[in-house]
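Atom set for the values below is all heavy atoms of this structure, side chains included, hydrogens, waters and symmetry mates excluded. Every value quoted in this text rests on a predicted model; they were computed, and no experiment measured them. Numbered from 1 within each chain, the chains take letters A, B, ... in sequence-line order.
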Amino acid sequence: MLLDQAREQAATLIAARADEVVFTSSGTIAVHTGMLGALDGRRHTGRHLVVSAVEHSSVLAVADRHRLDGGDLSTVPTDETGQVSSAEFIAALRPGTALACLQTANHEVGTLQPVGAVAQGCRSAGVPLLVDAAQSLGWAAPEPGWSLLAASAHKWGGPAGVGLLVIRTGTRWRSPWPADQRGSGRWPGFEDVPGAVAAVTALAAARASADADAIRLSSLVDQIRREVPERVPGVEVVGHPTERLPHVVTFSCLYADGETLLAELDREGFAVSSGSSCGSSTLQPSHVLAAMGALTSGSIRVSLPRTAARGDVEHFLAILPDVVARVRALLGSDDL
Amino acid sequence: MTAPGTPSGEPIRSTLVDSRGRRCPLPVIDLARAAKGLRPGVELVLLADDPAAATDVSAWCRVRGHLLVGQDGDRFVVRLGVG
């Protein structure tokens with residue numbers, strides 16, 4: 001009963017039907033289940049998969065495995081803002097394409113993708129499109145025309161460990177899990193009822209204030225984009241300046257390392273993240289920044305919470321020049 | 001490891017920067033330090049095996065107005081611009 005209500009409410013907020021909504025145990029597993037099921041459901045059509053170069057690692061992990069299993073993979077590049085061209089994406093579709101995947105917005109640099117135009121192209125080509133809406137669903141429903149949608153509740157303030165998978169009616173999809181009597185055969189075992197209710201309640205709350213929050217946060221991001229290069233030498237702001245999420249901004253600092261920047265900003269009370277390999281256990285730089293041709297070392301991603309105020313941003317902008325200068329001094333690069 | 005440009009300003013390839021074994025952002029810092037004071041047109045050869053070097057050397061060239069002439073494995077050839 002509660003679960004049915006949650007499904008109804010989620011469907012309304014996503015512009016889908018209740019019986020198309022599945023609650024999964026994370027956004028990652030929603031992506032995996034959606035992709036694997038669509039690839040399997042259309043294996044007689046072909047084994048060609050199309051993804052963008054800047055998809056979330058959960059999408060690229062399935063793509064890698066698909067390729068290792070003998071499937072074909074096309075990776076569509078982006079421009080320097082991290083945006084794919086819809087024409088180029090659609091041109092990658094071919095008769096044997098089983099599935100195409102595109103994010104609504106990039107998780108590292110905030111750039112929006114042309115999901116509406118790509119969905120139309122996929123429809124015309126008869127190829128299902130899976131949209132990874134994790135970053136944007138708390139702001140708005142994606143443009144229509146997609147066949148599958150995956151999202152993650154903690155991105156909009158819901159609980160971690162709840163994902164959403166939506167499979168539109170008529171989409172060829174075969175569950176990667178053995179048949180189960182529950183979840184209309186789409187998801188094995190019970191769904192997490194309290195998690196689903198909390199996720200949908202949080203989504204509704206996020207949407208209720210989305211328009212006002214977007215205007216406020218977007219203006220703060222504009223201020224960061226404008227003032228960081230004025231205040232700090234050797235900095236490049238990356239991502240699309242206008243076609244972007246309201247709350248995410250990324251910039252890269254020459255001659256500084258991401259890990260020390262994060263530690264120094266943490267000491268100042270700011271929790272940010274980095275796409276630098278210096279701070280990652282794999283030593284691999286961010287595939288998103290690399291695809292954009294952006295500097296990966298010294299990268300800082302600021303993701304503003306809905307509660308961020310102008311004073312917080314001004315404080316950040318005030319301490320940033322000294323933080324970057326300190327990190328450069330530690331590396332002996334402050335004279336470059 | 002670094003040698004100055006020739007007085008004539010002709011392109012030379014005598015400047016070698018060995019950053020092998022050094023992690024990001026050190027290869028780019030080494031390169032920038034070697035480039036300091038050299039005139040436009042001088043070529044530097046950087047050896048760097050950090051996984052981020054391919055992306056970061058190319059981005060550094062773009063941001064600083066230099067030209068990445070070529071890359072072969074861990075060997076990068078950069079021609080300095082006006083900087």
Side-chain angles (χ1 to χ4, degrees), chain A residues 53-54 77-82 108-109 229 232-239 250-262 274-300 324 327-336, chain B residues 1-2 4-5 15-40 42 44 46-83:
Chain A
V54 295
T78 73
D79 64 13
E80 72 284 355
T81 71
E108 287 189 33
V109 300
V232 186
V235 166
E236 190 179 36
V237 180
V238 300
T250 293
F251 53 88
S252 296
C253 308
L254 273 175
Y255 316 134
D257 71 293
E259 190 176 18
T260 315
L261 283 170
L262 294 199
S274 175
S276 302
S277 59
C278 342
S280 82
S281 54
T282 60
L283 296 177
Q284 291 299 324
S286 148
H287 69 273
V288 173
L289 297 177
M292 295 163 61
L295 186 74
T296 70
S297 60
S299 98
I300 295 177
V324 176
V327 174
R328 286 175 175 160
L330 282 171
L331 288 164
S333 63
D334 43 340
D335 61 330
L336 293 174
Chain B
M1 282 297 217
T2 62
T15 302
L16 177 74
V17 184
D18 189 350
S19 298
R20 284 175 295 185
R22 286 162 68 75
R23 295 290 168 220
C24 94
L26 298 177
V28 166
I29 292 175
D30 295 343
L31 192 55
R33 185 163 302 290
K36 208 175 170 185
L38 296 186
R39 64 184 65 212
V42 171
L44 292 100
L46 170 75
L47 303 177
D49 51 11
D50 184 83
T55 308
D56 284 356
V57 170
S58 158
W60 176 78
C61 288
R62 180 176 50 72
V63 171
R64 282 300 192 226
H66 307 307
L67 180 68
L68 179 58
V69 179
Q71 184 203 344
D72 181 15
D74 59 5
R75 187 172 182 277
F76 300 78
V77 180
V78 171
R79 184 178 306 144
L80 297 183
V82 286

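Contact annotation for B:Val28: both backbone and side-chain heavy atoms come within less than 4.5 Å of a heavy atom of chain A. Both the backbone and the side chain of A:Leu295 come within contact range of chain B, each with at least one heavy atom under 4.5 Å from a heavy atom of that chain.
Taking the charged nitrogens against the carboxylate oxygens, B:Arg62 and A:Glu236 do have a contact shorter than 4.0 Å, which makes a salt bridge. B:Lys36 and A:Asp335 are joined by a salt bridge, as a carboxylate oxygen and a charged side-chain nitrogen come within less than 4.0 angstrom of each other.
Contacts with chain A were tallied for B:Ala54, B:Ala59, B:Ala35; B:Ala59 has the most, counting heavy-atom pairs under 4.5 Å.
Across B:Asp50, B:Asp30, B:Asp74, a single residue satisfies salt bridge (Lys or Arg N to Asp or Glu O under 4.0 Å) together with B:Arg22, and that is B:Asp30.
Contact check for B:Val78 versus B:Trp60: side-chain heavy atoms found under the 4.5 Å cut-off.
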